[in-house]
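Report on the structure given below.
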Amino acid sequence: WRFYSYFHFFSAIHWRKEQLTFLFFRSSFWKIDEYNEDKPQLLQIGKLSDSIWSELPSNMDAAFVDSLEVTHFIKKRKTWEFNKIELK
(Lines give C-alpha, C1' and ligand atoms only; values in the text may rest on other atoms or scores of the structure.)
Protein backbone atom coordinates (compact mmCIF):
# COMPACT_ATOMS: atom_id res chain seq x y z
CA TRP A 1 0.00 0.00 0.00
CA ARG A 2 1.62 3.23 -1.08
CA PHE A 3 -1.00 5.09 0.93
CA TYR A 4 0.85 4.29 4.15
CA SER A 5 4.18 5.57 2.89
CA TYR A 6 2.95 9.14 2.54
CA PHE A 7 1.51 9.62 6.02
CA HIS A 8 2.57 9.20 9.59
CA PHE A 9 -0.61 8.38 11.50
CA PHE A 10 -0.95 9.51 15.07
CA SER A 11 -3.48 6.88 16.06
CA ALA A 12 -5.21 3.81 14.71
CA ILE A 13 -7.92 1.48 15.99
CA HIS A 14 -9.28 -1.81 14.73
CA TRP A 15 -12.84 -2.99 15.24
CA ARG A 16 -12.36 -6.73 14.94
CA LYS A 17 -15.99 -7.86 14.60
CA GLU A 18 -16.80 -5.25 11.96
CA GLN A 19 -13.42 -5.77 10.26
CA LEU A 20 -12.82 -2.02 10.08
CA THR A 21 -9.67 -0.07 10.75
CA PHE A 22 -9.67 3.66 11.41
CA LEU A 23 -6.57 5.78 10.94
CA PHE A 24 -6.35 9.25 12.47
CA PHE A 25 -4.07 12.07 11.32
CA ARG A 26 -4.42 15.63 12.58
CA SER A 27 -8.13 16.48 12.16
CA SER A 28 -8.86 13.80 9.54
CA PHE A 29 -9.56 10.09 9.56
CA TRP A 30 -9.58 7.20 7.10
CA LYS A 31 -11.72 4.08 7.26
CA ILE A 32 -10.49 0.82 5.77
CA ASP A 33 -12.93 -2.05 5.23
CA GLU A 34 -11.09 -5.34 5.62
CA TYR A 35 -14.10 -7.59 4.97
CA ASN A 36 -12.77 -8.59 1.57
CA GLU A 37 -9.47 -10.29 2.49
CA ASP A 38 -8.19 -10.18 -1.09
CA LYS A 39 -8.53 -6.43 -1.42
CA PRO A 40 -9.19 -4.25 1.63
CA GLN A 41 -10.89 -1.04 0.58
CA LEU A 42 -10.29 2.51 1.68
CA LEU A 43 -13.89 3.57 2.11
CA GLN A 44 -13.90 6.99 3.60
CA ILE A 45 -11.77 10.02 4.21
CA GLY A 46 -13.31 12.62 6.41
CA LYS A 47 -12.89 15.34 8.98
CA LEU A 48 -13.36 14.50 12.64
CA SER A 49 -15.68 17.49 13.04
CA ASP A 50 -18.10 16.12 10.41
CA SER A 51 -18.31 12.56 11.72
CA ILE A 52 -19.16 10.29 14.62
CA TRP A 53 -15.76 11.34 15.98
CA SER A 54 -16.75 15.04 16.20
CA GLU A 55 -15.93 15.40 19.90
CA LEU A 56 -12.37 14.15 19.52
CA PRO A 57 -9.44 16.54 19.44
CA SER A 58 -7.07 16.65 16.52
CA ASN A 59 -3.55 15.22 16.89
CA MET A 60 -4.44 12.52 19.40
CA ASP A 61 -1.60 10.77 21.19
CA ALA A 62 -3.05 7.25 21.26
CA ALA A 63 -6.15 5.13 20.80
CA PHE A 64 -7.12 1.56 21.69
CA VAL A 65 -10.12 -0.75 21.94
CA ASP A 66 -10.56 -2.54 25.26
CA SER A 67 -11.92 -6.05 25.95
CA LEU A 68 -15.49 -4.69 26.24
CA GLU A 69 -15.11 -3.15 22.76
CA VAL A 70 -15.11 0.40 24.08
CA THR A 71 -12.80 2.62 22.06
CA HIS A 72 -10.53 4.96 24.04
CA PHE A 73 -8.72 8.03 22.74
CA ILE A 74 -5.96 9.83 24.61
CA LYS A 75 -4.47 13.29 24.25
CA LYS A 76 -2.07 14.47 26.91
CA ARG A 77 -3.87 13.77 30.22
CA LYS A 78 -7.41 13.65 28.83
CA THR A 79 -9.33 10.63 27.59
CA TRP A 80 -12.47 10.13 25.50
CA GLU A 81 -14.52 6.94 25.31
CA PHE A 82 -16.61 5.82 22.37
CA ASN A 83 -19.03 2.92 22.67
CA LYS A 84 -19.75 1.67 19.15
CA ILE A 85 -22.77 -0.29 20.42
CA GLU A 86 -24.57 3.04 20.59
CA LEU A 87 -24.33 3.25 16.80
CA LYS A 88 -26.38 0.08 16.27
Side-chain angles (χ1 to χ4, degrees):
W1 280 49
R2 288 187 173 172
F3 175 74
Y4 293 112
S5 65
Y6 295 110
F7 294 99
H8 171 73
F9 295 101
F10 289 108
S11 302
I13 57 168
H14 178 68
W15 288 353
R16 187 175 29 173
K17 287 183 182 178
E18 292 81 2
Q19 295 183 326
L20 295 171
T21 297
F22 294 91
L23 308 169
F24 300 91
F25 179 73
R26 294 188 181 151
S27 62
S28 298
F29 73 96
W30 288 256
K31 181 169 89 173
I32 300 173
D33 183 354
E34 301 170 19
Y35 186 73
N36 183 346
E37 293 179 12
D38 297 329
K39 189 175 181 183
Q41 295 183 11
L42 179 64
L43 290 181
Q44 180 179 0
I45 301 173
K47 294 286 183 191
L48 293 174
S49 60
D50 299 330
S51 71
I52 60 173
W53 314 108
S54 63
E55 298 195 19
L56 295 177
S58 58
N59 295 333
M60 289 174 280
D61 295 325
F64 67 95
V65 180
D66 68 18
S67 61
L68 299 175
E69 297 188 36
V70 175
T71 306
H72 301 266
F73 298 92
I74 302 167
K75 182 171 183 175
K76 296 185 181 180
R77 293 183 173 204
K78 293 185 179 182
T79 62
W80 290 259
E81 291 183 1
F82 181 82
N83 188 345
K84 66 183 174 181
I85 294 172
E86 296 171 2
L87 295 177
K88 297 178 182 178

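What you see is a predicted model, and the numbers here were worked out from it, not measured in a lab. Count residues from 1 along the sequence.
Two residues are said to be in side-chain contact when any heavy atoms from C-beta on lie closer than 4.5 Å; Leu23 and Ile32 meet this criterion. For the pair Phe22 and His14, the minimum side-chain heavy-atom distance is 4.5 Å or more.
Within the structure, side chain to side chain donor-acceptor pair (under 3.5 Å) pairs that include any residue of residues 54-66 comprise Asp66-His72 (at least two apart or interchain).
Of all non-hydrogen atoms in Ile13 and Trp53, the two that sit nearest each other are CD1-CH2, 3.9 Å. Of all heavy-atom pairs spanning Ile74 and Thr79, the tightest one is CG1-CG2, 4.0 Å.
Of the inter-residue distances, the one linking Glu69 atom CD with Asn83 atom CG reads 9.0 Å to the nearest 0.5 angstrom. Going from atom CG of Leu56 over to atom OG of Ser27 covers 11.5 Å, rounded to the nearest 0.5 Å. For the atom pair CD (Glu18) and CG (Asp33), the distance works out to 10.5 Å, reported to the nearest 0.5 Å. To the nearest 0.5 angstrom, Phe29 atom CZ is 10.0 Å from Met60 atom CE.
Taking the six-membered ring where the residue is Trp, Phe82 and Trp15 present parallel rings, their angle staying beneath 30° rather than reaching 60°.
Donor-acceptor pairing under 3.5 Å is lacking for the side chains of Trp30 and Thr21.
Between Phe73 and Phe64, the ring centre distance reaches or exceeds 6.0 Å.
Listed by chain and number, the residues in a side-chain hydrogen bond (donor to acceptor under 3.5 Å, both in side chains) with Ser28 are Lys47 (sequence neighbours excluded).
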